[in-house]
Number of protein chains: 2
Amino acid sequence: MNIEHDTRTRILSTARELFHGRSYADVGIKEICDLAKVQKGSFYHFFPSKQDLAMAVIDDMADEWAHGFVAEAFDQNLPPLERLDYMIDAAYYWQKAAKDIEGRMPGCLFGNLALEISTRDDVLRAKLNAVFDKASRRFHQALDQAVELGEIPPLDSEATAAAMLAFLEGIILLAKTRNDPEVVRILGPAIKTLRIELAHPN
Amino acid sequence: MNIEHDTRTRILSTARELFHGRSYADVGIKEICDLAKVQKGSFYHFFPSKQDLAMAVIDDMADEWAHGFVAEAFDQNLPPLERLDYMIDAAYYWQKAAKDIEGRMPGCLFGNLALEISTRDDVLRAKLNAVFDKASRRFHQALDQAVELGEIPPLDSEATAAAMLAFLEGIILLAKTRNDPEVVRILGPAIKTLRIELAHPN
DNA sequence: TTCATAGATGACCGGTCGGTCAACATGAAG
DNA sequence: CTTCATGTTGACCGACCGGTCATCTATGAA
């Protein structure tokens, strides 16, 4: 059962690596096929178009994220605020490892794709938005629990969660532009200082 | 003197609009020439390559920024912390205006270009990095002045400045992915809560 | 009047892009 | 053995890409 989908899987992971390391537009289908050792006709047997491939890549990456280090970072057994540190650390080590191997910081695949194609392709934009929404909910939950435990004063946890996600994407963007993962490590801890207060109920 | 450079200026501003509204890779030289009413040969008379055009576009935009609303926002007569609000407001209104006209949020040209091409073109990456550095210095100065005036407790103003710039880019990224400028308005004010403490001198 | 220079013109180039297609291999079900 | 679905192969397509170039025009200095 996995043999017959082995080709598809190879295409998917190759495309993910290439898109992440360079960009959507810069990676051609021929290049993906060559690296994945797949014929072009086979590619189009599994993916009707490059756009469909991108959709699948986003799903694939989001799944691996959700079950990988994001699941670890937002482990319910971890104190809520430590989850934020964990997330920053994970981002730092990942980017650093990638740079040590390939010489350049790839940044966040979702952020990269979002800025590159969300003005051109509304379907992909919506999909990326959903990924960010899901990520934001993790922060949201952690913040609610931190408030409940009295670790931080009450705040607008939904808005603050979104702000934290934005900050995470922002420091990765800056670090990628500097091609220096240390930016993530140095600026990252400030994520816990972000606060959006509850609107006064007047 | 401006007549003989009129063609060049038209190419530049057309390219800036198109790159900003879509992406670097998605906009071809032919399209730029058609819209700017310039022949292809003329284009290559002024710009040796597409990369050179991109360099010029970044310079052009950075100049207009520096002398435009960034100069207003970081007006030395404004209280330091108000400058941050001004900057957020300016970003919000700009993105909102663009969306109202074109139907979609273009985001930040520098952020867009940084994520799209900084892994492929180190020269452009370095140029974008310099733009961010310069922007960061504005925040840095404002923070130093705020500390001096006693408006905020002492902090690592350089690191905090970078964090604020990252946050600004991050909320614009998130807003673009949602295609909703309101994200900037809602999350933006949290920029003033960001803090990175001074390292203990042990 | 000559000459040099800056700029404009548009046909043209090789290469690559995303995508198509008819032919063929394989293996399980009837 | 036949049938059918799933998957593979690689040649092929038109469109478009960034970039080149010989040729022409306009201007202004000598």
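First the proteins, then the strands, lettered A, B, ... as listed; each starts at 1.
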Whole angstrom is fine here: how far is it from NE2 in B:H45 over to P in D:dC21? 16 Å

Just by distance, no angles: are the side chains of A:Q141 and A:R83 close enough, under 3.5 Å, to form a donor-acceptor pair? no

side-chain hydrogen bond (donor to acceptor under 3.5 Å, both in side chains) against B:R137, all qualifying residues, sequence neighbours excluded: none

For nucleotides 9-19 of chain D, read 5' to 3', which letter fits each nucleotide if B means a protein heavy atom sits under 4.0 Å from the base, S means only the sugar-phosphate is that close, and - means neither? BB-------BB

Using whole Å, what does the distance between atom P of nucleotide D:dT6 and atom CG of A:D6 come to? 18 Å

Integer-rounded Å distance: C:dG7 P and B:I11 CD1: 11 Å

Parallel, tilted or perpendicular, judged at 30° and 60°: which one describes the rings of A:Y24 and A:F19? tilted

Can any side-chain N or O of A:H67 pair as donor or acceptor with the backbone N or O of A:D63 at less than 3.5 Å? yes

Taken to the nearest whole Å, CZ/B:F47 to P/D:dT20 is 15 Å

Decide, yes or no, whether a salt bridge links A:D121 with A:R125 under the criterion of side-chain N to carboxylate O below 4.0 Å. no

Starting from C1' on C:dG10, measure out to CG on B:D34 and report it in whole angstrom. 12 Å

Closer than 4.0 Å, any side-chain N/O of B:T7 to the OP1 or OP2 of C:dG7? no

Which dot-bracket string fits DNA chain C when only Watson-Crick or G-U wobble pairs with both atom distances under 3.5 Å count, crossing pairs get [ ], and | stands for a partner on a different strand? ||||||||||||||||||||||||||||||

salt_bridge(A:D85, A:K192) N-O dist < 4.0 Å: yes

Between the side chains of B:T9 and B:D6, is a donor N or O closer than 3.5 angstrom to an acceptor N or O? no

Less than 3.5 Å apart, any donor N or O on the side chain of A:S49 or A:D52 sitting next to an acceptor on the other? yes

